Amino acid sequence: MASVLVPVLYVGIVISSLLLFSHFYRKRSAGKLYEPYFSSHPERDVYISLLQKTDPPAHEALLKAALVRRAMTDVSRVVRLREDKPALQNLLQKGSIGDDLWNSLLQAEKELEAEIMEVVAEANTFVEGWGSIIFQSAGEMIANEKIRTLYEETPASRGIKEQKYGKVGAKIDLPLPQPVLMPGPPPPGHPAHAAALAAAAAGGAPGSAPGTPVKPPNSLIPPRASSTKAESVASSDGESHDTPSTSKSSKKRGKKRK
């Protein structure tokens, strides 16, 4: 009997000690203030200060611009959290970082969810339904700013790389392409066009003798109509003689009549 009670008592003591440790650790962690993952939110502070301004009140367009800028900051933070969370989770499992940084990230996620809901509510106060598309517009504006920044920094980065690596090759000036002239009739208004019209009116193509028949452009002459010997043969005095086939057919018709 004693051999059975000793293992059971040991397991109970271990479990109860773990539960007590977990209870006090959670209680201590709940009251502990973690360092914020994001230092501050200046765009939100600017919007709130403009919203509270009453003498004179801020213009509606200014408030909308401040709200869009606030949404742009929220979008950039959401993207950063999505990129950092898998890496921090992997490092936490390996023991490379402590729980403080992980808890700070989780707290930043909760704060960002509340911030997004607040931005959506504020956008709907200006225009009904704007809250559903404000973050999409903010994402497009962020992409536009990135492209514009890269475009503006292109000359400076090119100069730095040329100083570091030198020019890759010499600049070659290629000649301009010349237009290709295809043979054809002269355009209207050209002197050659008037000469061609005058030659055609005189009865011949330009460069041919008068009275010479003009060949068609494609040099094709229609075939002549030829008479078949099966129909009739004309004699020299203008009379025509029927062919043997026609005479035989007339004889058969005479027999049938008889």
Side-chain angles (χ1 to χ4, degrees), residues 6-49 65-123 131-166 168:
V6 171
V8 172
L9 184 61
Y10 176 76
V11 171
I13 292 173
V14 171
I15 293 174
S16 59
S17 60
L18 290 176
L19 291 174
L20 288 174
F21 175 77
S22 175
H23 173 71
F24 286 109
Y25 180 78
R26 290 179 181 179
K27 188 175 180 180
R28 181 182 177 183
S29 300
K32 185 179 180 180
L33 296 177
Y34 296 102
E35 184 179 356
Y37 197 78
F38 300 107
S39 58
S40 62
H41 203 321
E43 287 79 10
R44 178 182 58 190
D45 300 337
V46 170
Y47 175 76
I48 292 174
S49 62
L67 186 61
V68 170
R69 182 60 63 177
R70 179 181 176 183
M72 290 172 63
T73 305
D74 294 339
V75 170
S76 61
R77 291 188 174 186
V78 168
V79 173
R80 181 180 173 185
L81 286 177
R82 288 179 180 177
E83 293 176 354
D84 294 351
K85 189 174 182 179
L88 291 178
Q89 188 175 6
N90 191 13
L91 292 174
L92 182 65
Q93 292 176 355
K94 293 180 179 179
S96 302
I97 60 173
D99 295 336
D100 296 342
L101 184 58
W102 178 253
N103 293 329
S104 177
L105 186 140
L106 296 179
Q107 186 177 356
E109 280 187 343
K110 295 179 181 179
E111 293 177 355
L112 193 56
E113 289 177 1
E115 170 70 14
I116 289 173
M117 297 300 295
E118 186 177 352
V119 170
V120 171
E122 290 289 337
S132 58
I133 61 174
I134 186 172
F135 288 102
Q136 181 179 358
S137 303
E140 294 175 356
M141 293 178 68
I142 290 174
N144 187 17
E145 284 188 353
K146 289 182 179 179
I147 295 173
R148 185 177 61 185
T149 303
L150 291 174
Y151 178 76
E152 292 176 353
E153 292 178 354
T154 299
S157 61
R158 181 184 298 174
I160 294 172
K161 289 183 178 180
E162 286 181 356
Q163 292 178 0
K164 185 176 181 180
Y165 302 106
V168 177

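These numbers come from a predicted model, not from an experiment.
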- Message: With heavy-atom distances below 4.5 Å as the criterion, would you say the side chains of Ile116 and Val78 are in contact?
- Response: yes

- Go through the structure and list residues passing side-chain contact (heavy atoms from CB on, under 4.5 Å) with Leu19, not counting sequence neighbours. Ile15

- Message: Show the nearest heavy-atom pair for residues Tyr37 and Ser104, with the distance to one decimal.
- Response: N-OG, 3.2 Å

- Query: How many angstroms lie between CD1 in Ile48 and CD in Glu43, if you round to the nearest 0.5 Å?
  - Reply: 12.0 Å

- Do side-chain atoms of Asn103 reach the backbone of Asp99 as a donor and acceptor pair under 3.5 angstrom? yes

- With Val14 via side-chain contact (heavy atoms from CB on, under 4.5 Å) - residues at least two apart: Tyr10, Leu18

- From Ile97 CD1 over to Leu88 CG, what is the distance, rounded to the nearest 0.5 angstrom? 4.5 Å

- Query: Closest heavy-atom contact between Tyr47 and Glu122?
  - Reply: OH-OE1, 2.8 Å

- On a heavy-atom basis, the closest approach of Val119 and Ala71 is CG1-CB, 4.2 Å

- Please, which pairs that meet salt bridge (Lys or Arg N to Asp or Glu O under 4.0 Å) have at least one residue in residues 67-83, sequence neighbours excluded? Arg69-Glu145, Arg70-Glu115, Arg70-Glu118, Arg80-Asp84

- Task: Give every residue pair that meets the salt bridge (Lys or Arg N to Asp or Glu O under 4.0 Å) criterion with at least one member in residues 105-114, sequence neighbours excluded.
- Result: Lys85-Glu109

- Task: To the nearest 0.5 Å, tell me how far Asn144 CG sits from Ser137 OG.
- Result: 12.0 Å

- Set of side-chain contact (heavy atoms from CB on, under 4.5 Å) partners for Met141, sequence neighbours left out: Val68, Met72

- Item | Approximate separation, where rounding is to 0.5 Å, of Leu67 CG and Ile134 CD1 | 4.0 Å

- Query: What distance do Ser157 atom OG and Glu152 atom CD have between them, rounded to the nearest 0.5 Å?
  - Reply: 12.0 Å

- Task: Kindly indicate whether the side chain of Phe135, heavy atoms from C-beta on, has any atom under 4.5 Å from the side chain of Val120.
- Result: yes

- Query: How would you list, by chain and number, every residue that makes a side-chain contact (heavy atoms from CB on, under 4.5 Å) with Glu162, sequence neighbours excluded?
  - Reply: Arg158, Lys167

- Verdict with reasoning, Val79 to Ile142, per side-chain contact (heavy atoms from CB on, under 4.5 Å): CA-CA 12 Å; Val79 173; Ile142 290 174; over 6 Å; no

- Message: To the closest 0.5 Å, what do you measure between CG (Leu92) and NZ (Lys94)?
- Response: 12.0 Å

